[in-house]
Amino acid sequence: MKNINILIPTYNRAEALAVTLTGLCYQTYKDFDVIIADQSDEYILSMSTPLHTAIRLLESKGHSVQLIRNLPRKGMAHQRQFLLDNSKAPYSLFLDDDLILESYVVEIMHRTLKEEECGFVGCAVIGLSYKDDVRPNQQHIEFWETKVIPEVVVPGSKEWKRYELHNAANILHVQDNYQIVPSYPKCYKIAWVGGCVMYDTQKLLDVGGFDFWKQLPENHCGEDVLAQLRVMKKHGGCGVLLSGVYHQELTTTVPDRKVNAPEYLEI
């Protein structure tokens, strides 16, 4: 068994997923396997030659790749719980299917999570189309000066405003300003992190994982946020710089966002 399972939910994004998997082929940290939960229309993934080339390349480098159908669709929280149920590794990295990772990302996340002994570590996603859109009013950052400890963050609190740091390309500008490099990562305080989050698997299970899917309507969003807030409350969680995670900036596959999990259920 590998030390990390990289868990990827996917829906009708064969080409984007191929790009994401290709980025995983060249990670400096090697002790991981990949599990993909597929809810795509029939034949979308099976007919993608680029995707299966990326899978074969990962396998040639010693990484197992499981591609598992998870139907019928019951919402993103159920999809994430399905992945978590299939993860037996000590660490579980939830990764969206439309991201590109620099080679150091998995190594930095794993090292930080081990050193901080908290519940999760996230690398915020950068939208490179906003590279020249500098927003100083959204770039306040609070670094952890001690080890990461539990925090209670709820919608509407002053801590909730931290989410602005993850808008557009703010993280890119901040880490450039502080001249942060992969060999000296820095932890910072967050409201939540979207897209690329590594959990201590047992600590995520301690708070119930994503089992709250049964309490949500099928169309919902924010399930990843709710899970993070619950883990952060009990075990702590943080963001880490240097982030080297880039969004492919595709249209969301979750267009109905009226039910936001952290506002719908108790944290």
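The residues of the chain are indexed from 1 along the displayed sequence. Keep in mind that the numbers below use all heavy atoms, side chains included, and drop hydrogens, waters and symmetry copies.
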**Request:** Report the distance from atom CD1 of Ile36 to atom CD1 of Ile6, rounding to the nearest 0.5 Å.
**Result:** 10.0 Å

**Prompt:** Going through the distances and angles, do Glu151 and Arg162 end up as a salt bridge (Lys or Arg N to Asp or Glu O under 4.0 Å)?
**Reply:** CA-CA 13 Å; Glu151 282 191 288; Arg162 295 171 182 166; 3.0 Å; yes

**Asked** Judged by atom type as modelled, is there a donor-acceptor pair below 3.5 Å linking the side chain of Asp211 to the main-chain atoms of Gly208?
**Response** no

**Qualifying side chain to side chain donor-acceptor pair (under 3.5 Å) pairs, either residue in residues 193-205, two or more places apart** = Ser92-Thr201, Gln202-Asp206

**Single-linkage hydrophobic cluster Leu250~Leu21, side-chain heavy atoms < 4.5 angstrom** = no

**Message:** Side-chain heavy atoms under 4.5 Å apart, restricted to Ile/Leu/Val/Met/Phe/Trp/Tyr: what other residues fall into the cluster of Tyr26, or is it alone?
**Reply:** Leu57

**Message:** Salt bridge or not between Asp133 and Arg135? Use side-chain N to carboxylate O under 4.0 Å.
**Reply:** yes

**Message:** Does Lys61, at its NZ atom, have more than 12 non-hydrogen atoms belonging to other residues, nucleotides or ligands within less than 6.0 Å?
**Reply:** yes

**Heavy-atom donor-acceptor pair, Thr20 side chain to Leu99 backbone, under 3.5 Å** = yes

**Side-chain ion pair, Asp31 and Lys2, N-O less than 4.0 Å** = no

**Residue pair Thr112 / Cys238: nearest heavy atoms and the distance that separates them** = CG2-SG, 4.5 Å

**Prompt:** Are Glu263 and Pro155 close enough that some pair of their side-chain heavy atoms sits under 4.5 Å apart?
**Reply:** yes

**Item:** With Tyr246 via side chain to side chain donor-acceptor pair (under 3.5 Å) - residues at least two apart
**Value:** Glu102

**Prompt:** For Ile267 and Val153, which heavy atoms make the closest approach, and how far apart are they?
**Reply:** CD1-O, 3.8 Å

**Asked** So, for Ala18 and Ala54, which heavy atoms are closest and what is the spacing to 0.1 Å?
**Response** O-CB, 3.7 Å

**Request:** State, without any angle test, whether Asp85 and Gln81 hold a side-chain donor-acceptor pair at a distance under 3.5 Å.
**Result:** yes

**Message:** I'd like to know if the side chain of Gln79 and the backbone of Ala37 have a donor-acceptor N/O pair within less than 3.5 Å.
**Reply:** yes

**Prompt:** Are Ile126 and Val134 in one and the same hydrophobic cluster, where Ile, Leu, Val, Met, Phe, Trp and Tyr link if side-chain heavy atoms are under 4.5 Å apart?
**Reply:** no

**Message:** Under a plain distance cut-off of 3.5 Å, with no hydrogens placed, do Glu249 and Ser129 share a side-chain donor-acceptor pair?
**Reply:** yes

**Prompt:** Do other residues, nucleotides or ligands put more than 12 heavy atoms under 6.0 Å from Lys114 NZ?
**Reply:** no

**Request:** Look at the side-chain heavy atoms of Ile, Leu, Val, Met, Phe, Trp and Tyr, link any pair under 4.5 Å apart, and say whether Leu165 and Val148 land in one connected group.
**Result:** no

**Aromatic centroids of His110 and Tyr91 separated by under 6.0 Å** = yes

Solution key, residues 42-50 side-chain donor-acceptor pairs under 3.5 Å, sequence neighbours excluded:
{"unit_1": "Ser46", "atom_1": "OG", "unit_2": "Tyr43", "atom_2": "O", "d": "3.4"}
{"unit_1": "Ser48", "atom_1": "OG", "unit_2": "Leu51", "atom_2": "N", "d": "3.2"}

**Glu164/Lys161 salt bridge by N-O under 4.0 Å criterion** = yes

**Asked** When you check the side-chain N and O atoms of Thr10 and Asp97, is any donor under 3.5 Å from an acceptor?
**Response** yes

**Fill in**
For Glu59 and Val65 the tightest heavy-atom approach is OE2-O, 4.0 Å

**Message:** I'd like to know if Glu266 and Arg230 make a salt bridge, using a cut-off of under 4.0 Å between side-chain N and carboxylate O.
**Reply:** no

**Leu93 to Met109 - nearest heavy-atom pair and separation** = CD1-CE, 4.0 Å

**Prompt:** Does Gln248 reach the main-chain N or O of Ala16 with its side chain, forming a donor-acceptor pair under 3.5 Å?
**Reply:** yes

**Prompt:** Do the side chain of Glu218 and the main chain of Gly75 share a donor and acceptor less than 3.5 angstrom apart?
**Reply:** no

**Item:** Greater than 12 external heavy atoms within 6.0 Å of Tyr130's OH
**Value:** no

**Asked** Does the side chain of Asn12 pick up a donor-acceptor pair with the side chain of Asp41 at under 3.5 Å?
**Response** yes

**Request:** Might you point out which heavy atoms bring Ala261 and Leu216 nearest each other, and give the distance in Å?
**Result:** CB-CD1, 4.1 Å

**Listed partners of Phe32 passing ring-ring contact (aromatic ring centres under 6.0 Å, His included), at least two apart** = His63

**Request:** Treating Ile, Leu, Val, Met, Phe, Trp and Tyr as nodes and any side-chain heavy-atom pair under 4.5 angstrom as an edge, say whether Val254 and Phe210 lie in one connected cluster.
**Result:** no

**Item:** Test item: Lys214 side-chain N/O and His78 main-chain N/O as donor-acceptor pair under 3.5 Å
**Value:** no

**Message:** In this structure, would Tyr29 and Phe94 fall into the same cluster of hydrophobic residues linked by side-chain contacts under 4.5 Å?
**Reply:** yes

**Message:** Return the CG to CE distance between Leu113 and Met198, rounded to the nearest 0.5 Å.
**Reply:** 7.0 Å

**Request:** Considering only NZ, NE, NH1 and NH2 on the basic side and carboxylate oxygens on the acidic side, decide whether Arg80 and Asp96 come within less than 4.0 Å.
**Result:** yes

**Item:** Donor-acceptor contact below 3.5 Å, side chain Gln27 vs main chain Gly23
**Value:** yes

Cut-off 3.5 Å, no hydrogens considered: what does the side-chain donor-acceptor table look like for residues 180-197, sequence neighbours left out?
{"unit_1": "Tyr188", "atom_1": "OH", "unit_2": "His166", "atom_2": "NE2", "d": "2.7"}

**Under 3.5 Å donor-acceptor, Thr252 side chain and Pro255 backbone** = no

